[in-house]
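For clarity, every value in this text was computed on a predicted model and none was experimentally measured.
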Amino acid sequence: WEQFDGNDFEIVLCDFSLNNATGGCQEHDQKIKITNNSIDDKNPVIFGRYMVWESGRNPDFNIEYYDLELNQSTLFINNTGNQQKPQISYENGDYIIVYESNEFNNDDILYKKIGDNTVYQLTNGLFDEWNPVINNVGEKSIFWLSSKFGYAHAEGFSQGRFIDASFSQTFKQDHLA
């Protein structure tokens with residue numbers, strides 16, 4: 001989770017093996033500070049062996065991740081504009097980080113595999129798309145908000161189809177990439 005340390009927001013983790021706790025991390029349990037700096041680190045998400053978050057390390061927000069097995073942080077995305085609201089998934093042997101970015105003059109949904117340098121645009125419309133959410137249970141799906149109709153509505157991919165949730169219509173799409 002993110003926690004204000006008196007100066008800025010930091011990413012904090014509770015390791016239950018350090019506290020012999022069951023049922024959650026308590027106020028006086030030992031915490032692990034994943035970040036300890038003078039910038040805002042926000043919106044952490046954990047999936048599998050990785051924790052991902054947005055970091056204000058540069059003038060804009062960028063994406064960082066922490067490998068829970070290697071105990072190591074990595075700057076993942078360091079592009080112009082803000083990269084925010086990261087989500088993480090695992091598919092076909094790869095961890096994939098999905099996030100919103102305004103590096104192309106409006107908000108779009110992008111993704112990148114850990115260990116790969118290629119960034120893919122999931123959306124590239126004339127309208128803003130933001131706040132991606134991934135369902136990692138059962139059939140994978142990803143949804144986001146779009147301003148396509150002048151107001152926020154949900155759209156995304158599920159079971160290989162594009163779904164515009166505001167109209168409950170589905171359109172065939174072969175794959176995400």
TODO: Before giving the answer on side chain to side chain contact (heavy atoms under 4.5 Å, CB included), spell out for Asp5 and Asp8 the whole-Å C-alpha distance, their side-chain angles and the decisive distance to 0.1 Å.
DONE: CA-CA 6 Å; Asp5 68 0; Asp8 64 320; 3.0 Å; yes
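The salt bridge (Lys or Arg N to Asp or Glu O under 4.0 Å) contacts involving residues 99-121 comprise Asp94-Lys113, where partners must be two or more places apart or lie in separate chains.
Side chain of Asp40 to main chain of Phe9: a donor-acceptor pair is present (N/O by atom type, distance under 3.5 Å, no hydrogens or angles). Asn102 places a side-chain N or O within 3.5 Å of a backbone atom of Asn82 that can act as its donor or acceptor partner. Side-chain N or O atoms of His153 include one that pairs as donor or acceptor with a backbone N or O of Ser146 at under 3.5 Å. Formation of a donor-acceptor pair under 3.5 Å by the Gln83 side chain with backbone atoms of Thr80 is found in this model.
Between Glu155 and Phe143 the shortest side-chain heavy-atom distance does not fall below 4.5 Å. Between Lys148 and Glu129 there is no side-chain heavy-atom pair separated by less than 4.5 Å. You'll find the side chain of Trp1 reaches within 4.5 Å of the side chain of Cys14, heavy atoms only. At least one side-chain heavy atom of Asn43 sits under 4.5 Å from a side-chain heavy atom of Glu2. A 4.5 Å side-chain heavy-atom check between Val98 and Ile142 finds at least one atom pair inside the cut-off. Here the side chains of Trp130 and Ser147 are in contact, with some heavy-atom distance below 4.5 Å.
Members clustered with Leu126: Phe127, by chain and number, using a 4.5 Å side-chain heavy-atom cutoff among hydrophobic residues. Listed by chain and number, the hydrophobic cluster partners of Val52 are Val45, Phe47, Tyr50, Ile63, Tyr65, Phe76, Ile77, Ile88, Tyr90, Tyr95, Ile97, Tyr99, Phe104, Leu110, Ile114, Val119, where partners are ILVMFWY side chains within reach of under 4.5 Å, directly or through others.
The distance from atom CD1 of Ile11 to atom CD1 of Ile34, rounded to the nearest 0.5 Å, is 8.5 Å. Going from atom CZ of Phe157 over to atom CD1 of Ile134 covers 12.5 Å, rounded to the nearest 0.5 Å. Here the straight-line distance linking atom OG of Ser55 with atom CD of Glu10 works out to 9.0 Å at 0.5 Å rounding.
A donor and an acceptor atom, one from each side chain of Asn37 and Asp41, are located under 3.5 Å apart.
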